[in-house]
Amino acid sequence: MSQAASPEKSPSGLTVDEVAGFRRRILKWYSVHQRDLPWRRNDDPYSVWISEMLLQQTRVDQARPYYDRFMARFPTVQALAEASIDEVLKSWEGLGYYARARNAHRAAIRIVSEYGGRIPSDPIEIGGLPGIGPYTAAAILSIAYNKDHAAVDGNVIRVLSRLFRIEDLVSRTPVKRRLQWLADTLLVPGRAADFNQAMMELGATVCLPRNPVCEFCPVMRYCKAQALLSDPSILPKKAPRKERPHRDVLAGLVVNDDRILIVQRPMDGLLGGLWEFPGGNREGEESLVDGVVRSVLGTTGLAISIVQDLPQVSHAFTHFRITLHGFICHLTSDSLDAQTSDNYRWVPFDQLTKFAFSRAHSRLIDFLRSDKHTGLRDRFVSVSPQTP
Ligand code: SF4
């Protein structure tokens, strides 16, 4: 007796009909439910690229005002390439992960000099630009050029790991390859722009990290985690987060008349290119006062005395946490002439906001502007148009 043929399965484990149904459902859902986001209003490669750079490690609501300001200030690749790195960092100030801004600036310069100002549509060429990894390249190629590349970001990893009930750590290379392969398999040929954005949108608005709203999910019928696990949100599996070490960081706000000393961090490395008040890490068991005197002398050659401490600022980076201790200082030497480097500036108080500072050092500026903490407010605000 002959057996009934089982439905043909695609390599993903879904039948051919199920893949077709999945594609139809997710595209239809996206056409109805997509959010109105500024970077979706056109498919200009430059705006797609900038939005993707801004959205790395950043939520949509945080990135949105930055996108609007960035595009107003640098409306074209040429404008970005011609800007100074200080201007670019200033437009990124407060968003964190400043390597993205530096890379965008470097990439813009190369796009203008090597590609005549046109963002390349070739995967090798675009993937060779600073800051454009496989995900960003796939996003630009699909959204701006509608090429068939599946873009797998954190949202898509979450959706796929649940759909296919992948219980291995998603940081492992073989698992990453499998996720990319699954996304490639599901991709709708000729509709890559909509498909990629639909998958990202599903992860961002329905298949949420903690509380997925499965009852509103257009592809719930295909989801193994929803069918087989009591709680789909246990996926994707990630390595346990290590305790972030803590360090005390010291900063001297060296005031000389109505000017204050700022230094620029080296261009490569953490917070590269941002401005800050001189200082450094606390060493061993030294007191905070000894530490700030030592570190300001070490970084600037200036001897200082402490006038007043400021409130502490706590800040968490990806791999460590800091407590920033700021001190108002005066000079005890006349060694100003030693500070001739481009990386040091004596800046009038009202000019401080023209420079890009990290979030923690920006808090120290807020304290400077506050009567409560320093008594410098009058001098600071008398010339500052930004003070309410
Ligand atoms: S059914 Fe639930 S867990 Fe599965 S993809 Fe949809 S929202 Fe995510």
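Positions are given from 1, in the same order as the sequence printed here. Ligands are counted one by one from 1 in listed order, and the atoms in each one are counted from 1 as well.
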Heavy-atom nearest neighbour in the protein, as seen from [atom], with distance rounded to 0.1 Å:
{"atom": "atom 6 (Fe) of ligand 1", "answer": "Cys217 SG, 2.4 Å"}
{"atom": "atom 4 (Fe) of ligand 1", "answer": "Cys223 SG, 2.3 Å"}
{"atom": "atom 2 (Fe) of ligand 1", "answer": "Cys214 SG, 2.3 Å"}
{"atom": "atom 8 (Fe) of ligand 1", "answer": "Cys207 SG, 2.4 Å"}

| field | Pair Tyr135-Gln56, side-chain donor/acceptor within less than 3.5 Å | value |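 Side-chain D/A pair, Tyr135 to Gln56: absent.
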| task | Check Met220 against ligand 1 and report side chain, backbone, both or neither, counting heavy atoms closer than 4.0 Å. | result |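 Within the 4.0 Å criterion, Met220 contacts ligand 1 through backbone and side-chain atoms alike.
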May I ask you to check whether [Y] and [X] place their ring centres under 6.0 Å from each other?
{"X": "Phe70", "Y": "Tyr67", "result": "no"}
{"X": "Phe317", "Y": "His315", "result": "yes"}
{"X": "Phe357", "Y": "Phe277", "result": "yes"}

| query | Atoms of ligand 1 less than 4.0 Å from Gln226 heavy atoms? | reply |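 Heavy-atom distances to Gln226 below 4.0 Å select 1 (S).
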| said: Only heavy atoms of Pro232, strictly under 4.0 Å: list the atoms of ligand 1 that pass. | reply: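 Atoms satisfying the 4.0 Å criterion: 3 (S).
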| query | Can you tell if the side chain of Gln264 reaches within under 4.5 Å of the side chain of Ile262, non-hydrogen atoms only? | reply |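 No. Closest side-chain heavy atoms not under 4.5 Å.
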| message | With a 6.0 Å cut-off (strictly less than), is the heavy-atom count around CZ of Phe320, excluding the residue itself, greater than 12? | response |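 Yes.
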